[in-house]
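Down below is the structure, laid out as structure tokens.
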Amino acid sequence: MELSDTSNRDAANGLGGYLLKHLREYGLLLALIAIMAFFQVVTDGTLLKAVNITNLFLQNSYIIIMALGMLVVIVAGHIDLSVGSVMGFVGALAAVMIVEWSLPVGLTIPACLIMGILIGAWHGYWVAYWKIPSFIVTLSGMLVFRGLSLWLLEGQSVGPFPKSFQLLSTGFIPDVFGIGRPNGTALAAGAIAAILIVWLGLKARARNAKYGIEGEPMPFFVIRNAIVAGALLFVCYKLAAFRGLPNVLVSMVVLTVIYAFITENTTLGRRIYALGGNEKAAKLSGIKTERLTFLAFVNMGMLAALAGLIFAARLNTATPKAGFAVELDVIAAVFIGGASMSGGVGKIVGAVVGAFIMGVMNNGMSIMGIGIDYQQVIKGLVLLAAVFFDVYNKSKQG
Amino acid sequence: MSALLEMRAITKTFPGVKALDNVNLTVKEGEIHALVGENGAGKSTLMKVLSGVYPAGSYDGEIHYDGALAQFGGIADSEKRGIIIIHQELALVPLLSIAENIFLGNEQAASGIINWRETFLRTEDLLKKVGLSEAPTTLIDSIGVGKQQLVEIAKALSKDVRLLILDEPTAALSESDSQALLDLMLELKAQGVTSIIISHKLNEVRRVADTVTVIRDGGTVSTMDARTEDITEDRIVRDMVGRDMAHRYPARTRRAGDMLMQVSDWNVWHPEHQDRQMIRDVNLDVRAGEVVGIAGLMGAGRTELAMSVFGRAYGRNISGEVRMHGKPADVSTIDRAIAAGLAYVTEDRKSLGLILEETIQRNITLANLRDVSAHGVINEAEESKVAETYRGAMNIRTPSVFQKVMNLSGGNQQKVVLSKWLFAGPEVLILDEPTRGIDVGAKFEIYNIINDLSAQGKGVIMISSEMPELLGMCDRIYVMNEGALVGELTAEEASQERIMSLIVTE
């Protein structure tokens, strides 16, 4: 009998064995902490200043939002190279609609999201129903929508936007408690979120114990939750000291929670993992693989459109260069977060942490005054290192 | 006539299996020698030993070739000595030309620069020899399998072949292409080429072979000389089959109940080659509690039949009707077929049956997530309970249901696939080679599971290339050949000889 009994071995090795098995998950979190600590030191504490933390979220929100959709696409076994161009195109469309055609913001935003959905459907149609490799379809989309935004903007920057549109990105949630500074809403939200995470974690542990499912050892659970809850409280405290919770942070968190729930707890999510893990087996299990692939791209298009709106709102102008090469940052974030190129593997939380790692590095290196040339080199090497870590880990376990 | 090849007492063991046990094979210079035996009897293994795929030292026994002891370290060694194998799956590159394929790895070149004139001239010469009238620049992709087979032979001739080995050369060929190929073999023989032909088609064997060696269960059973004695197909069949079958199968009580599923006038065409009909006018039925077998050789169309019925997972232009409990059933897509009460357990569990990177639990619930979820949200606790139930019932040997299935042995993987389909709650299970690649103990467990299923009133269709397995397990056996059912035998009537003769007499 050639049974592998890794879990027996783990039991024998106790905590060390458990850590080894879940090295990737903890490693990612530890890497983020280490990188933040590093830049905190070398930037003389600028990184974690209230204003900079706020900036970090504002700067990276559109990457994180697109990483959610990209994770789904990559888990399904595909790739989307067009997101940078689509994001730029939708931003341009919004600018033309609002600034040149004077259409109301309330109409423009849904129209732009629908445009994103249609673009995603266009890509998904070719990939899902004609089996054209997603690399080619979305490479084509990348060129097409870059060209269309140039055409739409006639090569010019279009702006500025009215206040109501800018709020999408630069607005803050008002202080419902009327304290002002520190912002009461931010503090309360941080506290509630921290309590919620710990409570949900404990509930899941209790349920696992009831069904005899082996879970995370208690020390790890305590340490991990302490770090996460502590970080949450710290960030919210810092944000409160500046202007409170940015609107965009709220939408980002809500989206992350929704996508994490869908991918981990629903039949839809399960089927996407199955599709990416083994498309033929999934199909023979009665899963409508074509439709799922199609929907993954539709979803990606919608999120790219949302990212385009947020990006345009932040810059207060739409430029023909908006979103240029952003797809690479998004894809890198997903792979740093532990997704597999061959599909079927990856987590939403991983992709978000991956995006933060990229974001913190961008931000920290800019504060340090490192040139864009070295920044690119370093980011590239970090991507390779993260994926190498995955591959190495796997070969050692296998 | 002197012997060109003598394989003496060849024994080859794989971990846990003795694939060849003291096999002797003597091939005389200038003859056509036929090697016959059931699937898995050891013919291909023997040829791999001969050609050096299994290098000298990895087997016991001696190979004497052309009067001297031969110890081949790899295919290149045996090819250098003029031993060339043409495998069942052709080794041609579809998007290269005939000429490029013939000289692949043996290019007519000087210091790395190909001499195209020489290449084309020699190709034309070789094509004339094998009787193929195609331009050397024609792409392999654009000619049929029969002609591709001829290109393979031309390729062999380009290497100064002395011993040509053809593994099931006519399996995929039409009648006229087969005849052409056999004629070519006789012609090559006249030119002094010695050949070994592996074939299931006894009429072809009788037509070309000078000597016939029968292999069974990894050993030589008999060698017959067509020049001195009369070789009948009956005699070959008797030697090919016939082994002790007692106690390898659990006892089963037969209980055919009401009619469960009927397939009528089922026709299927090849998904890519639209003019190739894969399934021809098939009619079959299964009753509640019945285990029905489908016997046939590889390539007979059994898997194609099963998959086309299971939600058109194979083929195109499918016509025919499926009835469940006497009423027409919608099996036009896989999820509808599952809803209609069908399940198909694939022969290729690794690439079609399992998601290897996922856990046992997630594989088991995949075809029926509805029963472990509410409003699209999965209840993981409920899911674990289901997985644990099947782990116990099917005796899946694993420390936990959170183990990835790629870490399981073949037998346990097969139990996971079976669990998945049982959880989907089918009325009729189609099991395609359910015991392929698993050890004897696990086989017996699978047989017990099949008997339990039929005791619960489910209908089972069992496709297997192992005839003893069908005879030991089935209440009724359909015999399939070249896409059509050529016979139906009850358990009492059925024997390996009768099945074999239904297949080979056409």
Side-chain angles (χ1 to χ4, degrees), chain A residues 1-12 21-22 75 77 203-215 261-291 339-340 342-346 394 397-398, chain B residues 15 307 310-311 313 333-339 344 346 348-358 361-363 365-370 372-373 375-385 388 397-404 406-412 417 420-421 424 439 441-442:
Chain A
M1 216 166 47
E2 30 166 338
L3 272 186
S4 136
D5 30 23
T6 25
S7 50
N8 284 347
R9 224 166 37 226
D10 288 349
K21 200 173 165 191
H22 295 84
V75 163
K203 222 178 94 174
R205 278 184 75 81
R207 200 194 58 192
N208 284 353
K210 200 172 124 199
Y211 284 93
I213 299 168
E214 60 158 332
F261 181 78
I262 290 176
T263 51
E264 284 173 34
N265 294 300
T266 66
T267 54
L268 179 67
R270 181 67 62 80
R271 287 177 181 145
I272 292 172
Y273 280 90
L275 157 68
N278 185 343
E279 183 175 355
K280 288 178 187 161
K283 194 168 183 166
L284 278 179
S285 298
I287 292 170
K288 296 191 178 80
T289 50
E290 282 98 356
R291 199 163 76 184
S340 153
S342 50
V345 179
K394 218 173 169 183
Q397 273 182 5
Chain B
M307 287 182 75
F310 185 63
T333 64
I334 293 169
D335 54 320
R336 284 180 192 156
I338 295 173
Y344 169 69
T346 171
D348 189 352
R349 61 180 163 266
K350 281 193 176 157
S351 64
L352 300 180
L354 293 166
I355 297 168
L356 295 169
E357 280 271 355
E358 287 278 22
Q361 171 174 325
R362 287 174 165 224
N363 271 285
T365 55
L366 190 60
N368 186 15
L369 283 172
R370 198 168 300 152
V372 289
S373 62
H375 311 294
V377 178
I378 295 173
N379 180 344
E380 273 192 66
E382 188 60 38
E383 196 187 8
S384 306
K385 224 159 72 181
E388 283 297 342
R397 281 183 283 269
T398 168
S400 110
V401 291
F402 302 108
Q403 192 71 237
K404 287 182 180 175
M406 61 187 209
N407 294 330
L408 299 178
S409 68
N412 284 305
V417 182
K420 170 171 89 173
W421 287 112
D439 61 48

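Everything numeric in this text was worked out from a predicted model, so none of it was measured. Just the heavy atoms: all of them, side chains too, but no hydrogens, waters or symmetry mates, feed the values below. In what follows, every chain begins at residue 1, and chains take the letters A, B, ... in the order their sequences are listed.
Once rounded to the nearest 0.5 Å, the distance linking CD1 of B:Ile338 with CG of A:Leu284 reads 8.5 Å. The OG1 atom of B:Thr333 sits 6.5 Å away from the NZ atom of A:Lys288 when rounded to the nearest 0.5 Å.
For B:Ser351, the part lying near chain A is the backbone, with the side chain staying farther off; criterion is any non-hydrogen pair under 4.5 Å. Looking at A:Lys283, the atoms closer than 4.5 Å to chain B (heavy atoms on both sides) sit in the backbone and in the side chain alike. Heavy atoms closer than 4.5 Å to chain B are found in the backbone of A:Glu264, but not in its side chain. No part of B:Met406 comes within reach of chain A, as not one of its non-hydrogen atoms sits under 4.5 angstrom from that chain. If you measure heavy-atom distances from B:Ile355 to chain A, the contacts under 4.5 Å come from both the backbone and the side chain.
Side-chain contact between A:Ser285 and B:Lys420 is present, with heavy atoms from C-beta onward closer than 4.5 Å. No side-chain heavy atom of B:Glu357 sits less than 4.5 Å from a side-chain heavy atom of A:Asn278. Using a 4.5 Å heavy-atom threshold, the side chains of B:Leu366 and A:Ile287 count as touching. Side-chain contact between B:Ile378 and A:Thr266 is absent, with no heavy atoms from C-beta onward closer than 4.5 Å.
Heavy-atom pairs under 4.5 Å with chain A peak, among B:Arg336, B:Arg362, B:Arg370, B:Lys385, at B:Arg362.
A salt bridge does not link B:Glu358 to A:Arg270: none of the charged side-chain nitrogens sits closer than 4.0 Å to a carboxylate oxygen.
The two atoms that bring A:Gly286 and B:Asp335 nearest to each other are O-CB, 3.5 Å, heavy atoms only.
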